[in-house]
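Computed from heavy atoms alone, side chains included, the values below leave out hydrogens, waters and symmetry copies. Since the model is a prediction, treat every value here as computed from it, not as a measurement.
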Amino acid sequence: MAKKPQLIPNATWGIPIRTTFRAALALLIALLLVSAVYFTQNRAAQVLENYSTGGGGGCDLFTGKWVFDNESYPLYKERECVFMSDQLACEKFGREDLGYRNWRWQPDECELPKFNATALLERLRNKRMVFVGDSLNRGQWVSMVCLVGSVIPPPLQSMQSNGSLMMFKATEYNASIEFYWSPLMVESNSDDPVNHRLPDRIVRVKAIEKHARHWADAHILVFNTYLWWRIPKIKALFGSFEDSETSKLKVVKMRRGYEMALRTWADWLEVNINPNNTQVFFMSMSPIHDRGEEWGRSKAQNCYGETEQIAEVGYRGNGTDPKMMKIVETVLAELKTRGLNVEMINITQLTEYRKEAHPSIYRKQWEPLKPHQISNPTSYADCIHWCLPGVPDVWNELLYAYIFHPTKPSNQNLN
């Protein structure tokens, strides 16, 4: 066996053995630290590369499980969010079981990047981010405002409202995060941000310009539309609301109307959005939990009183319509061949499990409750929207991941 080399003091150098050993040890420690940082960063980069490209054993961010984590979650405190919505502030309105806040989404093959509010604000410096859609998208917008607001001193954040447009501004960054009310994406008789609960829903499936002019110059666009289409048939108006003589009203099946509206939206995007300047996202459907029999309760029950998640892997409630999301996928795939990539953020399956995270009765009631409602809380429980902090924060973590690490475009002609 070869002998180990010995450290022999060199009279010419005049360096003591102890000093040489300490220097070598310090160098070794430094090399180990550099190596650890390198491999950590390299692994993180590889994870992001995997789910960004989506190929070659790539990672699916949307398949995984909920992991209890009361050290890292919630990402902010309800009472410290300056612009929290009373519709979503469940603790404020009496909810005492707050465990729904302490769950982290863990993809099976990835590490979901940690949400960095400061990094997002830097990304949005001198820019606009606009959420467009219904009250579920508004809830996600409130979540985003709370997330970024947690690192901004209250005097340096503000809120303005102008009709259907609500604007959160981060003064120091000259950045705005906005919400625009457009529940059916295209024009409809439900476009009023306050008075929109009408018995007869009418949609101008070929008209979007009235809405689009409010978000045409945004740098990040986040769309959703689903819940307001969930009726068997809908009245499609060809023409204008003002000109009843030349306009035609036709009753169409819900999915047909949905497809026409999405194609109108896609056509507008193709003409007006520069993919070099704007990122576009579409949030998939958010599940509801209003039928207790779907997870083993009685028919009379819903999300009221629920404190645990649904454990069944792959669970899907009847309120979720895969055929509608298939329409979205088809429209987005066609749009991609025309040069614009709209990223689908698939929140549906991971949200299906969270029956315990709705506001239920713990929210502001806009009208006085009637005696029969008070005696039967399930009759007025909100099993559509989501408490904050909560599930929409995870939606925004997924959105954040795609904002910073978008899917790489294919080798197609973008001209």
Where do E397 and L75 land on the side-chain contact (heavy atoms from CB on, under 4.5 Å) test, with the steps shown first? CA-CA 10 Å; E397 287 185 290; L75 298 175; 4.0 Å; yes
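- By the side-chain hydrogen bond (donor to acceptor under 3.5 Å, both in side chains) test, R125 is found to be paired with E122, residues two or more places apart in sequence or in another chain being considered.
- Looking at E259 and R255, no side-chain N of the basic residue comes within less than 4.0 Å of a carboxylate O on the acidic one, giving no salt bridge.
- Remark: side-chain polar atoms of N137 are not paired, donor with acceptor, to backbone N or O of F131 under 3.5 angstrom.
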List the steps, then state whether side-chain contact (heavy atoms from CB on, under 4.5 Å) holds for R338 with D267. CA-CA 10 Å; R338 288 144 61 185; D267 289 344; 2.8 Å; yes
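- Every pair tested for side chain to side chain donor-acceptor pair (under 3.5 Å) that includes a residue from residues 155-169 fails, sequence neighbours excluded, so the list is empty.
- Residue pairs meeting the disulfide (SG to SG under 2.5 Å) criterion with at least one partner in residues 143-195, sequence neighbours excluded, are C81-C146.
- Residue pairs that meet the salt bridge (Lys or Arg N to Asp or Glu O under 4.0 Å) test with at least one member in residues 181-191, sequence neighbours left out, are E187-R204, D191-K210.
- Counting only residues at least two apart or in different chains, salt bridge (Lys or Arg N to Asp or Glu O under 4.0 Å) contacts with residues 211-224 comprise R128-D217.
- Proximity of a side-chain donor or acceptor of S284 to a complementary backbone N or O of T348 within less than 3.5 Å is detected.
- For N195, the side-chain contact (heavy atoms from CB on, under 4.5 Å) partners are D192, not counting sequence neighbours.
- For the 3.5 Å distance criterion, the side chains of N174 and N126 qualify, holding a donor opposite an acceptor.
- Once rounded to the nearest 0.5 Å, the distance linking CZ of F282 with CG of N346 reads 11.5 Å.
- Judged as a salt bridge (Lys or Arg N to Asp or Glu O under 4.0 Å), the pairs with a partner in residues 358-369 (not counting sequence neighbours) are, in order, R363-D382.
- R316 places no side-chain N or O within 3.5 Å of a backbone atom of P322 that could act as its donor or acceptor partner.
- With sequence neighbours left out, T307 forms a side-chain contact (heavy atoms from CB on, under 4.5 Å) with D97.
- A side-chain donor-acceptor contact under 3.5 Å links D393 and S143.
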Using residues 223-236 as the side-chain source, report each donor-acceptor pair under 3.5 Å to any protein atom, sequence neighbours left out, with the distance given to one decimal.
| from | atom 1 | to | atom 2 | distance (Å) |
| --- | --- | --- | --- | --- |
| N224 | OD1 | D134 | N | 3.1 |
| N224 | ND2 | D134 | OD1 | 2.9 |
| T225 | OG1 | P183 | O | 2.8 |
| T225 | OG1 | W229 | NE1 | 2.9 |
| Y226 | OH | R230 | NE | 3.3 |
| Y226 | OH | G319 | O | 2.5 |
| Y226 | OH | D321 | N | 3.3 |
| R230 | NH1 | D321 | OD2 | 3.3 |
| K235 | NZ | D200 | OD1 | 3.3 |
| K235 | NZ | D200 | OD2 | 2.7 |

Cut-off 3.5 Å, no hydrogens considered: what does the side-chain donor-acceptor table look like for residues 354-361, sequence neighbours left out?
| from | atom 1 | to | atom 2 | distance (Å) |
| --- | --- | --- | --- | --- |
| R354 | NE | E356 | OE1 | 3.3 |
| R354 | NE | E356 | OE2 | 2.8 |
| R354 | NH2 | Y100 | O | 3.0 |
| R354 | NH2 | E356 | OE2 | 2.6 |
| K355 | NZ | E306 | OE1 | 2.5 |
| K355 | NZ | E308 | O | 2.6 |
| H358 | ND1 | C383 | O | 3.3 |
| H358 | ND1 | H385 | O | 2.6 |
| H358 | NE2 | H289 | ND1 | 2.7 |
| H358 | NE2 | C383 | O | 3.4 |

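- Residues W215 and W268 bring their aromatic ring centres within 6.0 Å.
- Looking only at distances, a side-chain donor or acceptor of S379 sits under 3.5 Å from a matching main-chain atom of N376.
- Within the 4.5 Å cutoff, the side chain of H219 has no heavy atoms near those of the L124 side chain.
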Could you walk me through whether E352 and I310 pass side-chain contact (heavy atoms from CB on, under 4.5 Å), step by step? CA-CA 8 Å; E352 288 275 16; I310 294 172; over 6 Å; no
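- Taking the six-membered ring for Trp and thresholds of 30 and 60 degrees, Y180 and H214 have nearly parallel ring planes, at less than 30 degrees apart.
- The main-chain N or O of M84 is never found under 3.5 Å from a side-chain atom of E78 such that the two would form a donor-acceptor pair.
- The disulfide (SG to SG under 2.5 Å) pairs that include a residue from residues 254-300 number zero, where partners must be two or more places apart or lie in different chains.
- Note on residues 297-351: no pairs pass ring pair (Phe, Tyr, Trp, His ring centres under 6.0 Å), not counting sequence neighbours.
- For the residue pair W395 / S286, no side-chain donor-acceptor distance below 3.5 Å is found, with atom types taken as modelled.
- Judged by distance alone, with hydrogens and angles left aside, the side-chain atoms of S247 form a donor-acceptor pair with the main-chain N or O of S240 at under 3.5 Å.
- Residue L221 holds its CG atom at 10.0 Å from CD of E178, rounded to the nearest 0.5 Å.
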